Amino acid sequence: MVPLVYHASYSQLALPHHHRFPITKYQALYQYLLDRQIVDPTAFHSPEAVSLEWLKSIHCPDYVMQFIERRLPDKAVRRLGFPLSERLTERTLYSVGGSHLACELAVRHGVALQLSGGYHHAHYQFGSGYCVFNDLISAALHAQSLAGIETVLIFDCDVHQGDGTAAMGQSYENLYTCSIHCQENFPARKQTSDLDLELSRGVGDEEYLEAVAQTLALAIRLYRPDLIIYDAGVDVHQDDRLGHLNITTEGINQRDKQVLSIAKAAGIPIACVVGGGYSKEIEVLAERHAQVFIAAHAIW
């Protein structure tokens, strides 16, 4: 049984009606998976909130406490993209904790999937692009405390470069970052990952799938990871509001099967987070995010 990580707080955030972030997608994905019997209801694990002490060891302590105490400067709040609230704090801490738990479960079972995560625009001392704290970096460092895990690869297939992940990852040994993203997209100022592949606007399924497979195979050869953290962002979809690639839903499914199959064949545990995906049609968005869960259950 493929272990899954979910917490009700993921979607419990009130946002202005015009807000671009589809906050209800996490609960919609959870319900979509259950209603279509894609997953076993007993496979879900509930995470604990990450501790402030841990966060302050990863991020700038002043930034952590300004966020927790809701006293971030207005400019920092605008860059973050969310209004500060108690609910935002709660979902943020449980989301990071959920990515930690996904790594623990992946090491134990070979694979695990978290119904949140992928907050790769968060930098050491500021949040950006709807990302408060960088759960990918945090989870990778947490995983390195687990038995048998020394080297971790963050493999990011969100359409936007994981700039915060790239910048923060440079400070740590045996933590490698790889980003496959659209060049003509947010953020305007890219950072340097250990391995970056920039795709041109409009790339379709065939070219994309070949790029993903070759890049992951190269990353495994170069870095020999003991664990892969996979950001399965679906904002690569041809109809995504914030993406500029031309990938179909079937293309996303094939990508996720490729990534999971390569990891399994190499004997490397893999923890998956859902990453980005933007649409006003939440049911359609849930279907896109469900592809990695469908892929995992086809392979394991």
Side-chain angles (χ1 to χ4, degrees), residues 7 9-10 13 15 21 23 47-103 114 116-146 151-154 156 158 160-179 181 186-194 196 229 231 233 271 273 275-276:
H7 194 272
S9 67
Y10 292 170
L13 176 62
L15 294 174
F21 192 86
I23 193 65
E48 296 181 359
V50 69
S51 73
L52 298 187
E53 290 72 21
W54 174 265
L55 284 176
K56 287 190 285 187
S57 73
I58 306 301
H59 285 277
C60 172
D62 286 345
Y63 166 60
V64 173
M65 293 315 299
Q66 284 180 349
F67 172 75
I68 294 297
E69 296 170 357
R70 297 199 285 281
R71 51 183 179 85
L72 280 176
D74 290 345
K75 183 178 180 180
V77 174
R78 287 194 298 272
R79 188 170 195 174
L80 176 60
F82 286 134
L84 302 182
S85 67
E86 185 176 348
R87 284 290 176 86
L88 177 61
T89 300
E90 181 184 27
R91 78 169 299 275
T92 297
L93 298 183
Y94 277 107
S95 289
V96 176
S99 295
H100 285 208
L101 179 56
C103 287
Q114 133 90 321
S116 181
Y119 301 113
H120 58 176
H121 298 309
H123 287 249
Y124 173 72
Q125 58 188 4
F126 62 88
S128 176
Y130 312 131
C131 302
V132 182
F133 300 127
N134 197 305
D135 66 299
L136 300 172
I137 292 291
S138 185
L141 295 173
H142 172 71
Q144 287 178 331
S145 70
L146 304 176
T151 303
V152 179
L153 169 66
I154 297 173
D156 190 340
D158 194 281
H160 308 103
Q161 193 211 30
D163 57 325
T165 303
M168 292 180 69
Q170 294 171 7
S171 299
Y172 300 101
E173 294 184 358
N174 300 319
L175 195 168
Y176 297 97
T177 61
C178 175
S179 180
H181 53 270
F186 180 88
R189 181 181 299 174
K190 305 293 192 289
Q191 300 292 325
T192 303
S193 308
D194 291 294
D196 278 305
I229 300 176
D231 185 339
V273 300

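Quick caveat: nothing in here was measured; it's all calculated off a predicted structure.
Under a cut-off of 6.0 angstrom, the local environment of CD in Glu173 is sparse, with at most 12 non-hydrogen atoms contributed by other residues, nucleotides or ligands. Heavy-atom contacts from other residues, nucleotides or ligands closer than 6.0 Å to CD of Gln170 number more than 12. Within a 6.0 Å sphere centred on CZ of Arg189, heavy atoms belonging to other residues, nucleotides or ligands number 12 at most.
Nearest heavy atoms, Asp194 versus Tyr176: OD2-CA, 3.2 Å. The minimum heavy-atom distance linking Tyr63 with Val132 is given by the pair OH-O, 2.8 Å. When all heavy atoms of Leu153 and Cys178 are compared, the closest pair comes out as CD1-CB, 4.1 Å. Between Asp156 and Gly162, the shortest heavy-atom contact is OD2-CA, 3.7 Å. Heavy atoms only, all atoms of each residue included: Pro47 and Leu101 are closest at CA-CD2, 3.7 Å. Between Thr177 and Leu175, the closest heavy-atom pair is CG2-CD2, 4.0 Å.
Here the CG-SG distance, from Leu141 to Cys103, works out to 10.0 Å after rounding to the nearest 0.5 Å. To the nearest 0.5 angstrom, Leu72 atom CG is 12.5 Å from Phe126 atom CZ. The distance from atom CG of Asp62 to atom NZ of Lys56, rounded to the nearest 0.5 Å, is 9.5 Å. Once rounded to the nearest 0.5 Å, the distance linking NE2 of His120 with NE2 of His181 reads 10.0 Å. To the nearest 0.5 Å, the span separating CG on Leu80 from CG on Leu88 amounts to 6.5 Å. Distance OG/Ser99 to CZ/Phe133: 13.5 Å, rounded to 0.5 Å.
The side chain to side chain donor-acceptor pair (under 3.5 Å) search around Ser116 returns Ser95, Tyr119, not counting sequence neighbours. Legend: residues meeting side chain to side chain donor-acceptor pair (under 3.5 Å) with Thr165, ordered by chain and number and at least two apart, are Asn134. Residues passing the ring-ring contact (aromatic ring centres under 6.0 Å, His included) test with Phe82 are His19, Phe21, Tyr130, sequence neighbours excluded.
Within the 4.5 Å cutoff, side-chain heavy atoms of Leu15 are placed close to those of Pro83. Counting heavy atoms from C-beta outward, Gln144 and Val152 have side chains that approach closer than 4.5 Å. Side-chain contact between Ile137 and Ile154 is present, with heavy atoms from C-beta onward closer than 4.5 Å.
Side-chain atoms of His59 do not come within 3.5 Å of backbone N or O of Gln125 as any donor-acceptor pair. Using modelled atom types, no side-chain atom of Asp158 and backbone atom of Gly275 make a donor-acceptor pair closer than 3.5 Å. For the pair Gln161 (side chain) and Gln191 (backbone), a donor-acceptor distance under 3.5 Å is present.
If you check the side chains of Asp163 and His121, you find a donor sitting under 3.5 Å from an acceptor.
Taking the six-membered ring for Trp and thresholds of 30 and 60 degrees, His142 and His100 have nearly parallel ring planes, at less than 30 degrees apart.
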